[in-house]
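Written out below as structure tokens is the structure these notes cover.
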Amino acid sequence: MQVQKVNPDRSIELGVKESSAILKYITIKAYKFPFILILWFGVAITAIGMFISMFHRMSQNRRKTDQV
Amino acid sequence: MLWSIWHSVLGLILIKTSKQHEAPVMAVLSLAQFALATMILGVYFFGSKIGTNPFILLRDSGVLDSAPALHINFDVTQPLKLDYLSSITDGNDLNPLLQNYGMVMHPPVLFLGFASTIVPFAYAVAGLWKREFGQINNPALPWALFSAAVLGVGIMMGGMWAYESLTFGGYWAWDPVENASLVPWMILISGIHTALIYKHTGQSLRSTHLFYILSFGFVLYSTFLTRTGILGEASVHAFTGEGSNFFIHILSFLAIFIIPPFILYFSRYRDIPSIQKEEATSSREFWMFIGALVFFLSAIVIIGQTSIPVYNKIFGLSTAPPEDAEFKYNSIQVYVAVIVALLTAVAQYLKYKETAKGFFWKKIVVPTIASVILAAIVLAVGDINYTRKGPVFQYSIWVAAACSIYAIIANASYIWIGLKGKLRFTGGSVAHVGFGMVLLGILLSSAEKEILTNNKNGIPVAVAPGENPMENLTLVQGVEMDMGKYLLTYLGDSAHPKKQQSFYKIHFKSKDGREEFTLVPNSFVNYKGQEGLMSNPAARHYLSHDVFTYITSISNPDAQSDTASFKIHIIKPGDSVFYSSGFMVLQDVKSKDSLPEEIFGKDGSLHETPIKVFSKTGSVFTVTSRLAKAKMKRLPSQIR
């Protein structure tokens, strides 16, 4: 609201403005994922283990062919 | 194309290393290369188009044929304008959901995984073809391990990307395409285990061949599922179908690589050496084989459930996918997890062929007791209360979690108890520890996944279609909101300088004061003419949990601009004015004299009008408006 004029008879001109857009809002959704790190680490460790096995089997194969 | 590039790389390594198997193995690989190359041919044979050429120029692709603005005289029958390219603006970027670093890593790794499954397959076919059944086992094994590792990482990278960037609410949704890439991996894992059994005992060579063949077969099948559009609505990965020619094309690809190996396999089945003697139940291979079989069957169940749209197509049915598809998978796979985790824990402590009872019990007793204690602590403290699907499912989760803990502990201790920590031999145990962690992580994170935005404040929520209003929370800018253990404030937003993308600052403060952070999820608003929001979540990572949020709806941006104008009321003290949500009363009009000259100048004036506002919601407050004639633009808040 805004007082725009004060008259000598103590009456005032009051400007009133209503805006529908005073509420600025967002709607969100939030999750909590517990212990998700165990999963990511698990994946990494599984892959590391498989690579260790792979190199182990590769060197095994190589030794076998050397013997032949 | 990516696939055939990887095939080329793998082929070069195979030429170097495959020795006496080179000819048949490379024959299989080259045939696959040929088949893949036809997919990017883009040539017409007798009126039907074979493949799609990825290098085709825009002007030849037919897209511009019906755009009059690009043609001479705006006539589509005329050729294109010489400067037609200047009308095509550059930089029409990727779908916003794909603008993520995950998009850069996931496909190449996944496709290396897909492509490398052909190597065990090619060895298996070579073995059948040349009747060198057992000899392919050793050279194929490292390849199978490589493929399983890369494919596994590739799949979970996709999961991580989904978790971090896409708004599926998680890393795994049993989406048909996720399943279609998981299934070859599971079969390959089964194949690795049967291959190890053969290596040590001479048993189960037949199943090794079968698993290697099926693993590549299901890679092709998953291509068929994704690229033909047969999945339709059931999947986010259902890339556009490329017409019926492509359908037949890819189906024949599938047939060429599945039917001949199977004919070979069954016609020579009797010739594949096998040992008639039953395995002893105290042997490692017996339980390993059970595990491999359970894993394989579980893969078959998954692909069976995934293929519902395919049955519909073949038999003309209209079976709808089940109402709660995820639970359909989970309710079965939780038992697979129990069995597999348990076998993983125990089997390493058994010896191949036969195990003395005392030997086994002596070694396994310590890890078992440790696991029981730890599992009890986790279940007691962890408070895993997943009651939504009934008590049976909840207890299954408990058992599965306990078994995964057992798998982790038993395998970790086996590294020292059984292998004395020799790194070279620890691969299997390390991988099993990791796998146990994967299972445990999946169980804990999904069972304890919490929706934090329980809407309890009663403010009606503006939700996007398909969202549950009870699971969404509306935040008004600057107003602190209560959300469970957090207090949330929407601080404000900022826009991307070039795109229609906005970033929303949301401040999280936990009530116990231990966590305080700001998340900035972002959203594309009506991007490229598409209505609505495309949201990218933001997450806060802690060691024990992640908090994860995204925007589901925003206030209408068009209503933001303030277009209302003042309405004039002439009133005296005591008069009231009504407005849309209440009324206000003018209390008084005070005119001040003897104003300080440095502020108001010589003939300044100041009127103060206290106004009492009675709002419909019941709140009453007083606002004082002022009208001044003064030198200074801004007045101090108090004037004597």
Side-chain angles (χ1 to χ4, degrees), chain A, chain B residues 138 141-142 145-146 148-149 153 156 424 427-428 430-431 433-435 437-438 440-442 444-445 448-453 461-462 471-477 490 504 545-555 559-560 562 564 566-572 579-580 589 607 609 625 627:
Chain A
M1 55 189 95
Q2 191 180 57
V3 183
Q4 298 189 332
K5 199 177 172 192
V6 177
N7 300 319
D9 63 345
R10 297 232 310 156
S11 74
I12 61 166
E13 284 179 24
L14 182 69
V16 176
K17 177 163 107 171
E18 283 186 58
S19 169
S20 55
I22 41 165
L23 275 189
K24 192 168 178 189
Y25 69 87
I26 51 171
T27 302
I28 61 158
K29 196 165 180 177
Y31 289 104
K32 183 176 155 186
F33 276 96
F35 306 112
I36 193 86
L37 269 186
I38 300 180
L39 173 62
W40 306 138
F41 276 116
V43 172
I45 292 172
T46 310
I48 291 168
M50 284 177 178
F51 279 117
I52 295 175
S53 295
M54 183 185 90
F55 287 116
H56 172 53
R57 299 297 170 190
M58 275 163 71
S59 66
Q60 245 181 7
N61 287 346
R62 214 169 297 135
R63 255 177 294 140
K64 218 164 266 174
T65 27
D66 289 348
Q67 282 163 15
V68 176
Chain B
N138 283 344
L141 188 53
L145 285 162
F146 172 79
V153 170
M156 286 321 289
R424 229 153 43 82
V430 173
V433 170
F435 186 68
M437 287 173 69
V438 169
L440 187 66
I442 290 172
L444 290 183
S445 67
E448 290 203 43
K449 178 175 124 181
E450 259 180 79
I451 294 167
L452 295 172
T453 40
V461 172
E471 293 177 356
N472 286 265
L473 187 71
T474 294
L475 301 175
V476 176
Q477 186 171 15
Y490 164 36
Y504 302 90
H545 64 274
D546 283 1
V547 177
F548 179 99
T549 189
Y550 63 93
I551 310 280
T552 55
S553 165
I554 56 169
S555 47
Q560 288 307 337
D562 194 354
F566 284 105
K567 201 175 166 194
I568 307 295
H569 304 267
I570 299 175
I571 47 175
K572 283 188 165 179
Y579 74 106
S580 69
V589 177
H607 305 282
T609 59
S625 286
L627 180 66

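Below, chain A is the first sequence line, B the second, and so on; all start at residue 1.
For B:S625, the parts lying under 4.5 angstrom from a heavy atom of chain A are both the backbone and the side chain. For A:L37, the part sitting under 4.5 Å from any heavy atom of chain B is the side chain, from C-beta outward, and nothing else. Contacts between B:I551 and chain A at a heavy-atom distance below 4.5 Å involve backbone atoms as well as side-chain atoms. With a threshold of 4.5 angstrom between heavy atoms, B:F146 approaches chain A through its backbone and through its side chain. Proximity to chain A is limited to the side chain of B:Y504, based on heavy atoms less than 4.5 angstrom apart.
Annotation: the span from B:D546 atom CG to A:I36 atom CD1 amounts to 6.5 Å, rounded to 0.5 Å. The distance from atom CD1 of B:I570 to atom CG of A:N7, rounded to the nearest 0.5 Å, is 7.0 Å. Going from atom CD1 of B:I568 over to atom CD of A:Q4 covers 3.5 Å, rounded to the nearest 0.5 Å. From A:H56, atom NE2 reaches atom CG of B:L141 across 9.5 Å, with rounding to the nearest 0.5 Å.
The two atoms that bring A:T46 and B:G434 nearest to each other are OG1-C, 3.0 Å, heavy atoms only. When all heavy atoms are compared, the tightest approach of B:A149 to A:A47 is CB-O, 4.2 Å. Contact record, B:M437 with A:I38: O-CG2, 3.2 Å, taken as the closest heavy-atom pair. Minimum interatomic distance between A:M50 and B:A431 (heavy atoms only, all atoms of both residues): N-CB, 4.0 Å. The shortest heavy-atom contact between B:P142 and A:M58 is CB-CG, 3.6 Å.
The most heavy-atom pairs under 4.5 Å with chain B, out of A:S53, A:G42, A:G49, A:A30, come from A:A30. For the options B:V430, B:V547, B:I571, B:I442, heavy-atom pairs under 4.5 Å to chain A are most numerous at B:I571. When each of A:E13, A:R10, A:R57, A:K32 is scored by its heavy-atom pairs under 4.5 Å with chain B, the top score falls to A:K32. Options A:V16, A:D9, A:L14, A:I26 differ in how many heavy-atom pairs under 4.5 Å they form with chain B, and the most are formed by A:I26.
Proximity of a side-chain donor or acceptor of B:T549 to a complementary backbone N or O of A:K29 within less than 3.5 Å is detected. Side chain of A:T27 to main chain of B:T552: no donor-acceptor pair is present (N/O by atom type, distance under 3.5 Å, no hydrogens or angles).
More than 12 heavy atoms of other shown residues, nucleotides or ligands fall within 6.0 angstrom of atom CZ in A:F51.
In this structure, the side chains of B:H607 and A:V3 stay at 4.5 Å or more apart for every pair of heavy atoms.
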